Amino acid sequence: MVNGVRAPFERFTQQNATGGATPVSPDTEFPVSRATSFASQFAAVYLNFEAVRSQERASRLAPYLPDGAEPQFGWDGLGRMAAGAVQPYGSEIIDRENAVVTLAFQSGDRRQLLSVPVFYDTETGRFVVSGRPGILPAPTPADLPAVADGERDDAAETELRTPLADFFKAYAAGDTVSLQRYAAAGVTLEGFGGAFTFVNLKDLVVPSGGGATREATATVVWGVPSGATPSADSTASDPGEMSGKLEQAYRLTVVKQGDKWFVKDIRGAKRSVG
């Protein structure tokens with residue numbers, strides 16, 4: 001009972017000692033999203049360099065660096081590096097003016113991290129890189145545990161294979177009128193509009209359990225056009241000028257109306273490897 005009376009009193013006296021206001025956590029004041037945007041743009045310049053374009057890099061780095069910083073910010077002007085796919089990874093808020101923003105990026109066949117210290121001027125609302133960045137190795141992929149395959153409904157898979165193959169042909173073509181022939185009542189579907197061509201329905205999994213509404217997972221092979229205009233020095237055997245194939249996995253909700261199956265929903269598949 002004494003503790004129950006004392007706790008509110010202590011909170012009251014502590015608030016009075018700080019002027020009657022509860023202290024604000026630093027991370028509620030530091031503009032993380034804007035700092036991340038600033039650091040991401042900086043990283044896109046910082047992580048790409050080659051000797052013949054050193055002056056261009058220095059000019060592009062200048063808007064991010066404090067006065068008096070060396071133009072190349074630690075690079076000696078030799079060699080080359082190329083990086084892309086810069087994405088936010090995390091941030092550490094030091095106080096209301098300082099933070100360390102971590103970004104993920106791809107360089108060659110390596111996925112890595114870049115740690116960027118950033119200072120925020122609370123009066124002007126401007127940012128500046130406040131110290132040397134640090135490249136770190138990105139975590140390796142997680143171990144994917146094995147899972148047991150569930151029981152499959154062979155009869156339903158056989159019954160659905162042909163109508164779903166026809167559906168995916170229409171889905172690739174994207175003709176609205178044709179596609180609606182395979183859509184459940186009240187459902188409007190949109191396709192690729194010819195961006196891909198249907199090659200085949202490689203696999204179809206329907207878990208056991210009856211009913212007029214079923215969930216199915218389909219592995220589809222799409223034909224991918226090259227999309228390139230052949231160059232003068234290209235050959236008929238140039239892989240870059242040839243159409244390719246791409247396997248994709250989808251989850252579908254299908255409903256049986258009368259003696260026919262219709263697609264109610266299509267979305268990306270759940271876990272399908274391991």
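The model shown is predicted, which means the values in this text are computed figures rather than measured ones.
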Asks: For a quick test of reading the model, state the closest non-hydrogen atom pair linking Arg34 to Gly125 and the distance between them.
Replies: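 So the two residues come closest at NH1-O, 3.7 Å.
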
Asks: State whether a side-chain donor-acceptor pair under 3.5 Å links Gln248 with Trp222.
Replies: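 No.
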
Asks: Under 4.5 Å between any side-chain heavy atoms of Met81 and Asn48, yes or no?
Replies: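 A side-chain contact is absent here, since even the closest heavy-atom pair is not under 4.5 Å.
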
Asks: Find out if a path of hydrophobic residues (ILVMFWY) with successive side-chain heavy-atom gaps under 4.5 Å connects Leu103 to Trp75.
Replies: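 Yes: a chain of side-chain contacts under 4.5 Å links Leu103 to Trp75.
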
Asks: Flag the pair Thr253 / Val263 as yes when at least one side-chain heavy-atom distance between them is below 4.5 Å, and no otherwise.
Replies: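 Side chain of Thr253 against side chain of Val263, heavy atoms only: no contact under 4.5 Å found.
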
Asks: Is there side-chain contact between Leu204 and Thr217, with at least one heavy-atom pair below 4.5 Å?
Replies: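 With C-beta onward as the side chain, the pair stays apart.
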
Asks: Under a 4.0 Å N-O cut-off, is there an ion pair linking Lys202 with Glu247?
Replies: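 Salt bridge present between Lys202 and Glu247.
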
Asks: Working to the nearest 0.5 angstrom, can you tell me the gap between Leu113 CG and Gln87 CD?
Replies: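 Reported to 0.5 Å precision, the distance equals 12.5 Å.
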
Asks: So, Thr102 side chain and Ser91 main chain: donor-acceptor pair closer than 3.5 Å or not?
Replies: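 Not at all, since once roles are kept as given, no pair shorter than 3.5 Å links the two residues.
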
Asks: To the nearest 0.5 angstrom, please state how far the CD atom of Gln180 sits from the CZ atom of Phe262.
Replies: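 It comes to 11.0 Å.
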
Asks: Is the count of non-hydrogen atoms from other residues, nucleotides or ligands lying under 6.0 Å from Glu190 atom CD greater than 12?
Replies: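 For Glu190, atom CD is not crowded (no more than 12 foreign heavy atoms under 6.0 Å).
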
Asks: With the 4.5 Å side-chain cut-off for hydrophobic clustering, are Phe30 and Tyr89 part of the same group?
Replies: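 No, it is not one cluster - the side chains of Phe30 and Tyr89 are not joined through contacts under 4.5 Å.
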
Asks: Distance from Asp121 atom CG to Glu97 atom CD, nearest 0.5 Å?
Replies: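 Interatomic distance, Asp121 CG to Glu97 CD, rounded to 0.5 Å: 7.0 Å.
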
Asks: Indicate the atoms forming the closest heavy-atom contact of Ala165 with Leu201, along with that distance.
Replies: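 Heavy-atom minimum between the residues: N-CD2, 4.1 Å.
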
Asks: For a side chain to side chain contact (heavy atoms under 4.5 Å, CB included) check, start with the C-alpha distance between Val32 and Ile93, then their side-chain angles and the critical distance, and finish with the verdict.
Replies: CA-CA 8 Å; Val32 177; Ile93 309 303; 3.5 Å; yes

Asks: Rounded to the nearest 0.5 Å, what separation is found between the CZ atom of Arg126 and the CZ atom of Phe38?
Replies: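 CZ of Phe38 is found 10.5 Å from CZ of Arg126.
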
Asks: Report, as yes or no, whether the 6.0 Å neighbourhood of atom CD on Gln257 holds more than 12 heavy atoms from other residues, nucleotides or ligands.
Replies: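 It does: Gln257 CD has more than 12 such atoms within range.
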
Asks: If hydrophobic clusters are built from ILVMFWY residues whose side chains come within less than 4.5 Å, do Val221 and Leu164 share one?
Replies: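 No, separate clusters.
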
Asks: Quick one: are the ring centres of Phe119 and Phe127 less than 6.0 Å apart?
Replies: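 Between Phe119 and Phe127, the centre distance exceeds or equals 6.0 Å.
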
Asks: Strictly below 4.0 Å, N to O, side chains only: are Asp265 and Arg251 in salt-bridge contact?
Replies: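 Salt bridge absent between Asp265 and Arg251.
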
Asks: Answer with yes or no whether the hydrophobic clustering places Phe192 together with Val199; edges join I, L, V, M, F, W, Y residues whose side-chain heavy atoms lie under 4.5 Å apart.
Replies: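 No; Val199 is not reachable from Phe192 via cluster members.
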
Asks: Would the distance check show the side chain of Ser37 and the main-chain N or O of Ser33 forming a donor-acceptor pair, the cut-off being under 3.5 Å?
Replies: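 It does not hold such a pair.
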
Asks: For the CZ atom of Arg161 and the CD atom of Glu159, what is their distance to the nearest 0.5 Å?
Replies: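 If we round to the nearest 0.5 Å, Arg161:CZ and Glu159:CD are 13.5 Å apart.
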
Asks: Are the side chains of Leu114 and Val101 in contact, using a 4.5 Å heavy-atom criterion?
Replies: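 No, too far: nothing below the 4.5 Å cut-off.
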
Asks: In the structure I gave you, are the side-chain heavy atoms of Arg111 and Pro137 within less than 4.5 Å of one another anywhere?
Replies: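 With C-beta onward as the side chain, the pair stays apart.
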
Asks: Which heavy atom of Glu157 sits nearest a heavy atom of Val205, and at what distance?
Replies: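 Closest pair (atom of Glu157, atom of Val205, distance): OE2-CA, 3.5 Å.
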
Asks: Hey, does Pro133 have a side-chain heavy atom less than 4.5 Å from the side chain of Tyr46?
Replies: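 Yes - at least one pair of side-chain heavy atoms lies under 4.5 Å apart.
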
Asks: Return the orientation label for the Phe168 and Phe198 ring planes: parallel under 30°, perpendicular over 60°, tilted otherwise.
Replies: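 Phe168 vs Phe198 ring planes: parallel.
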
Asks: Does the pair Val255 and Trp261 meet the rule for a side chain to side chain contact (heavy atoms under 4.5 Å, CB included), with working shown?
Replies: CA-CA 6 Å; Val255 295; Trp261 288 96; 5.6 Å; no

Asks: Specify the closest pair of heavy atoms between Tyr182 and Ala170, including all atoms of both residues, with the distance to one decimal.
Replies: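 In terms of heavy atoms, the two residues are closest at CE1-CB, 3.8 Å.
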
Asks: Where the side chain of Glu215 meets the backbone of Pro207, is there a donor-acceptor pair that is under 3.5 Å apart?
Replies: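 A pair under 3.5 Å: no.
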
Asks: So, do Phe105 and Gln112 sit near enough that their side-chain heavy atoms are less than 4.5 Å apart?
Replies: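 With C-beta onward as the side chain, the pair touches.
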
Asks: Hey, are the side chains of Phe167 and Leu179 touching, using non-hydrogen atoms and a 4.5 Å cut-off?
Replies: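 The answer is yes, as the side chains (C-beta and beyond) meet within the 4.5 Å cut-off.
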
Asks: Test the Arg132-Phe73 pair against the cation-pi criterion, namely NZ or CZ under 6.0 angstrom from the six-membered ring centroid and within 45° of the ring axis.
Replies: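 Here Arg132 passes the 6.0 Å and 45° test against Phe73.
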
Asks: Looking at Arg214 and Lys256, would you say the former's side chain and the latter's main chain have a donor-acceptor pair under 3.5 Å?
Replies: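 Here the side-chain-to-backbone pair does not exist.
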
Asks: Measure across Leu61 and Pro71 and return the closest heavy-atom pair with its distance rounded to 0.1 Å.
Replies: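 Where Leu61 meets Pro71 most closely, the heavy atoms are CD1-O, 3.6 Å.
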
Asks: Give the intermediate values and the outcome of salt bridge (charged side-chain N to carboxylate O under 4.0 Å, His left out) for residues Glu50 and Arg57.
Replies: CA-CA 9 Å; Glu50 56 180 326; Arg57 179 178 185 268; over 6 Å; no

Asks: Test salt bridge (charged side-chain N to carboxylate O under 4.0 Å, His left out) on Lys260 and Asp166 and set out the steps.
Replies: CA-CA 13 Å; Lys260 294 183 178 180; Asp166 292 339; over 6 Å; no

Asks: Can you tell me if CZ on Arg267 sees more than 12 non-hydrogen neighbours from other groups inside 6.0 Å?
Replies: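 Yes, enclosed.
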
Asks: Could you pull out the closest heavy-atom pair between Ala82 and Ser107, with the gap in Å?
Replies: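 It is O-OG, 2.8 Å.
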
Asks: Are Ile94 and Val128 connected into the same hydrophobic cluster when the rule is that any two of I, L, V, M, F, W, Y join if their side-chain heavy atoms are below 4.5 Å apart?
Replies: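 Hydrophobic grouping puts Val128 apart from Ile94.
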
Asks: Starting at NZ of Lys245, measure out to OG1 of Thr197 and round the result to the nearest 0.5 Å.
Replies: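 It comes to 9.5 Å.
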
